[in-house]
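Both backbone and side-chain heavy atoms feed into the values below; hydrogens, waters and symmetry mates do not.
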Amino acid sequence: MHVTTDANAPWLVVGLGNPGPEYAMNRHNVGFMVADLLAERIGGRFKRAGKAQAQVVEGRIGPPGPANRRVILAKPMSFMNLSGGPVNALRDFYKVPAAQVVAVHDELDIDYGVLRLKLGGGDNGHNGLKSMTKVLGSDYHRVRFGIGRPPGRMQVADFVLKDFASAERKELDYFVDRAADAVECLVIEGLERAQSTYNS
């Protein structure tokens with residue numbers, strides 16, 4: 001797949017989730033958790049972004065010099081299934097090519113805590129990706145954070161909107177930290193290096 005990147009344009013890293021304290025620790029909100037950690041690392045605080053229905057932090061990641069990258073971290077404040085609107089508004093405002101957009105999201109088809117990074121592809125039934133693809137096309141990067149499948153006969157919608165189980169929470173900080181590392185590696189060193197390091 002041919003992708004166009006622009007060294008002068010920032011990267012737009014979108015953590016997907018649902019706004020509001022009742023959703024904060026849901027499996028579906030792991031994208032927000034990773035975005036929050038990245039914001040902490042660059043010493044920024046999320047603020048409402050102008051007309052876009054999102055919170056953003058602007059900053060830089062990477063060592064000083066040519067590998068240093070400007071990034072916009074974003075959390076759409078629409079609900080998950082409407083994420084595309086705010087992401088598109090931010091992409092237009094900051095003039096970000098689609099290939100420099102990164103969606104960080106929960107993934108049912110991967111075991112808990114396992115990461116997979118990729119460029120393009122389908123949405124696999126994920127409403128946040130579905131909404132983003134509708135406005136961006138599919139040629140953006142994804143950092144897929146495995147949450148596993150629901151146990152027994154639990155519905156997918158119920159599973160993703162439940163908090164991580166207590167056993168999962170013991171390792172959650174470690175996995176979120178690793179996902180944030182993977183995002184930084186992707187932005188600074190490119191997809192292939194990030195895949196070889198983090199696609200476990």
Side-chain angles (χ1 to χ4, degrees), residues 9-42 44-59 61 69-108 115 117-147 156-157 159-164 172 176 179-180 182-184 186-187:
W11 282 72
L12 175 59
V13 177
V14 181
L16 291 177
N18 285 308
E22 67 273 35
Y23 299 106
M25 290 306 294
N26 286 184
R27 292 182 180 92
H28 224 17
N29 268 44
V30 76
F32 274 18
M33 296 172 201
V34 175
D36 285 337
L37 179 56
L38 286 164
E40 204 177 292
R41 289 183 180 184
I42 64 175
R45 298 182 78 124
F46 278 100
K47 296 185 180 71
R48 199 74 190 213
K51 291 179 182 167
Q53 206 181 349
Q55 291 186 351
V56 299
V57 174
E58 296 182 52
I61 61 173
R69 299 279 183 267
R70 185 169 158 234
V71 292
I72 315 298
L73 304 173
K75 297 192 295 186
M77 291 287 112
S78 58
F79 280 87
M80 180 71 88
N81 59 345
L82 300 172
S83 301
V87 173
N88 202 35
L90 293 172
R91 183 190 63 155
D92 286 349
F93 180 78
Y94 290 105
K95 299 181 172 45
V96 181
Q100 281 169 236
V101 176
V102 182
V104 185
H105 64 91
D106 56 304
E107 178 63 64
L108 286 159
L115 294 177
L117 285 77
K118 70 173 188 172
L119 173 64
D123 55 57
N124 207 18
H126 192 289
N127 288 331
L129 295 182
K130 203 174 285 183
S131 180
M132 282 182 62
T133 297
K134 196 180 283 182
V135 295
L136 298 182
S138 63
D139 295 350
Y140 56 91
H141 288 87
R142 299 100 191 278
V143 174
R144 304 156 73 207
F145 185 111
I147 60 169
V156 164
F159 179 67
V160 299
L161 292 175
K162 281 203 177 341
D163 288 359
F164 283 101
L172 184 59
V176 167
V183 171
E184 291 181 347
L186 168 62
V187 170

Undergrad: When the ring planes of W11 and H141 are compared, do they come out parallel, tilted or perpendicular, using 30° and 60° as the limits?
TA: tilted
Undergrad: For the residue pair Y94 / E58, report whether a side-chain donor-acceptor contact shorter than 3.5 Å exists.
TA: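 There is such a pair (donor and acceptor under 3.5 Å, judged by atom type) between the side chains of E58 and Y94.
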Undergrad: Below 4.5 Å, heavy atoms only, C-beta onward: do F159 and L108 meet side chain to side chain?
TA: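 Touching, per the 4.5 Å side-chain cut-off.
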Undergrad: Hey, are the side chains of L90 and V96 touching, using non-hydrogen atoms and a 4.5 Å cut-off?
TA: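 No - every pair of side-chain heavy atoms lies 4.5 Å or more apart.
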Undergrad: Write down the atom of A24, the atom of N29, and the distance for their closest heavy-atom approach.
TA: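 Heavy atoms only, the tightest pair is O-CB, 3.8 Å.
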Undergrad: Do V87 and V135 have side chains that get closer than 4.5 Å, going by heavy atoms?
TA: no
Undergrad: Using a 4.5 Å cut-off on heavy atoms from C-beta on, say whether the side chain of M80 contacts that of D106.
TA: yes
Undergrad: Counting C-beta onward and ignoring hydrogens, is there a side-chain heavy-atom pair between V13 and L38 closer than 4.5 Å?
TA: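 Yes, their side chains come closer than 4.5 Å.
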Undergrad: Taking the six-membered ring for Trp, are H126 and H28 parallel (under 30°), tilted (30 to 60°) or perpendicular (over 60°)?
TA: tilted
Undergrad: Tell me the closest heavy-atom pair linking A39 and V57, and the distance in Å.
TA: CB-CG2, 4.0 Å
Undergrad: Which heavy atom in S78 sits nearest to a heavy atom in P19, and how many Å separate them?
TA: O-CD, 3.2 Å
Undergrad: Answer yes or no: is there an ion pair linking R142 with E107, defined by an N-O contact shorter than 4.0 Å?
TA: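 Result for this pair is no, no salt bridge flagged.
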Undergrad: Side-chain contact, heavy-atom cut-off 4.5 Å: L12 with V71?
TA: no
Undergrad: Does a side-chain N-to-carboxylate-O contact under 4.0 Å join D163 and R27?
TA: no
Undergrad: Could you check whether any side-chain heavy atom of V160 comes within less than 4.5 Å of a side-chain heavy atom of N26, counting everything from C-beta outward?
TA: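 When only atoms from C-beta onward are counted, N26 and V160 do not touch, as no gap falls below 4.5 Å.
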Undergrad: Taking the side chain as everything from C-beta on, heavy atoms only, tell me whether F164 gets closer than 4.5 Å to M33.
TA: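 They are in contact (side-chain heavy atoms under 4.5 Å apart), so the answer is yes.
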Undergrad: Which atom names give the shortest non-hydrogen contact between G59 and I42, and what distance separates them?
TA: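 Shortest heavy-atom separation between G59 and I42 comes out as CA-CD1, 3.8 Å.
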Undergrad: For S131 versus L82, what's the shortest heavy-atom pair and its separation?
TA: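 The pair with the smallest heavy-atom distance is OG-C, 3.4 Å.
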